[in-house]
Amino acid sequence: PSPDPYRQSAPLDLFPAQVIDRVVATKTFTPDQEGIATGGGIDVVTKSFPDRPFLSLSLGGEYNSQATFNSRYLNYQGGGRDWAAMDDGTRALPERVNELAPIRQPFPDALASSGVIGTPLFQASLSNATVVDSLARELGVTPFAPKREAPPLNHSFALAGGGSTHLATRPLGYFAGVSYRHNYSFYEDGVVQRYQNGTELKSTYRDTRALEVVNWSGMVNLAYQPWDDHELGFTFFYNQNGTDEARVQDQGQDLYDSSSTFRKFNLYYTERNLNTYQMKGEHR
């Protein structure tokens, strides 16, 4: 399973090669496949008993000509655990703001006029202004636009180990592994345009976009053979994904306001994680 709901395929580099027994590709419908496997399926089958004990470590680095060490790369001050694809609470709303959400109490609207002093409208306006001021101060100083900062190399590592032993004189196979990947991508001088009625240009922007993606996973695989021709197995797989996007769209022109030039900033953070538990057995 993949943590990305917009893609039907899981990144295969999350699985250490030592634990893969075989990969079975099915190009048509079969009764044992999930209903969503309409165009075919890929079954990654893990090993039950490693042939011999092993411990492996791999490190990787990658240079991206558009992003790496580019001082025009877009970035902003996030949380202290963004490297692990986990927000540390920096982006969380203050406690008082969260208290209003369960009771669906809206924030007071900003009125154009406070009304005449001494009237009920004036008292309500003054009270609302106090609430808005208090909440705005609790939100603190928050960046709404990115800054320019050069990113390092794309980097990754993978650590895996396992082997076979005996439990109560019966074979026991074990495996554990973790992998990590941190990538940066960037482009500028892109063009974003929207059309209406097929050919009529509605809006156009010059587009600059930076994307930082962190993905790491951990895996534990156990197998036990209590009797000959009978095998039991358990697999746990954890996948953590974080995507940080910084974007500037400027020199914007809009059909409905041709006399103005628009500029838009976008800071967007998405965090996802997925726990997978699998129990399996094979009996002959």
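We count residues from 1, following the sequence as given.
- Within the structure, salt bridge (charged side-chain N to carboxylate O under 4.0 Å, His left out) contacts touching residues 192-201 (residues at least two apart or in different chains) do not occur.
- Judged as a salt bridge (charged side-chain N to carboxylate O under 4.0 Å, His left out), the pairs with a partner in residues 157-175 (not counting sequence neighbours) are, in order, Arg170-Asp228.
- For His283, the ring-ring contact (aromatic ring centres under 6.0 Å, His included) criterion is met by His230, not counting sequence neighbours.
- With sequence neighbours excluded, the residues satisfying salt bridge (Lys or Arg N to Asp or Glu O under 4.0 Å) with Arg284 are Glu282.
- Partners of Arg247 by salt bridge (Lys or Arg N to Asp or Glu O under 4.0 Å), not counting sequence neighbours, listed by chain and number: Asp207, Glu245.
- By the side-chain contact (heavy atoms from CB on, under 4.5 Å) test, Gln77 pairs with Lys147, sequence neighbours left out.
- Between Tyr63 and Phe69, the angle of the ring planes lies from 30° to 60°, which puts this pair in the tilted group.
- In this structure, His182 and Tyr180 have perpendicular ring planes: the angle between them is above 60°, well past the 30° mark.
- Asn183 is linked by a side-chain hydrogen bond (donor to acceptor under 3.5 Å, both in side chains) to nothing, counting only residues two or more places apart in sequence or in another chain.
- Legend: residues meeting side-chain contact (heavy atoms from CB on, under 4.5 Å) with Thr119, ordered by chain and number and at least two apart, are Val116, Leu121, Phe122.
- Scored by the side-chain contact (heavy atoms from CB on, under 4.5 Å) test, Gln66 finds Asn64, Tyr187 as partners (sequence neighbours excluded).
- Residues meeting the salt bridge (Lys or Arg N to Asp or Glu O under 4.0 Å) test with Asp229, sequence neighbours left out: none.
- Thr130 is linked by a side-chain contact (heavy atoms from CB on, under 4.5 Å) to nothing, counting only residues two or more places apart in sequence or in another chain.
- Applying the side-chain hydrogen bond (donor to acceptor under 3.5 Å, both in side chains) test to Thr165 and every residue at least two apart in sequence or in another chain returns nothing.
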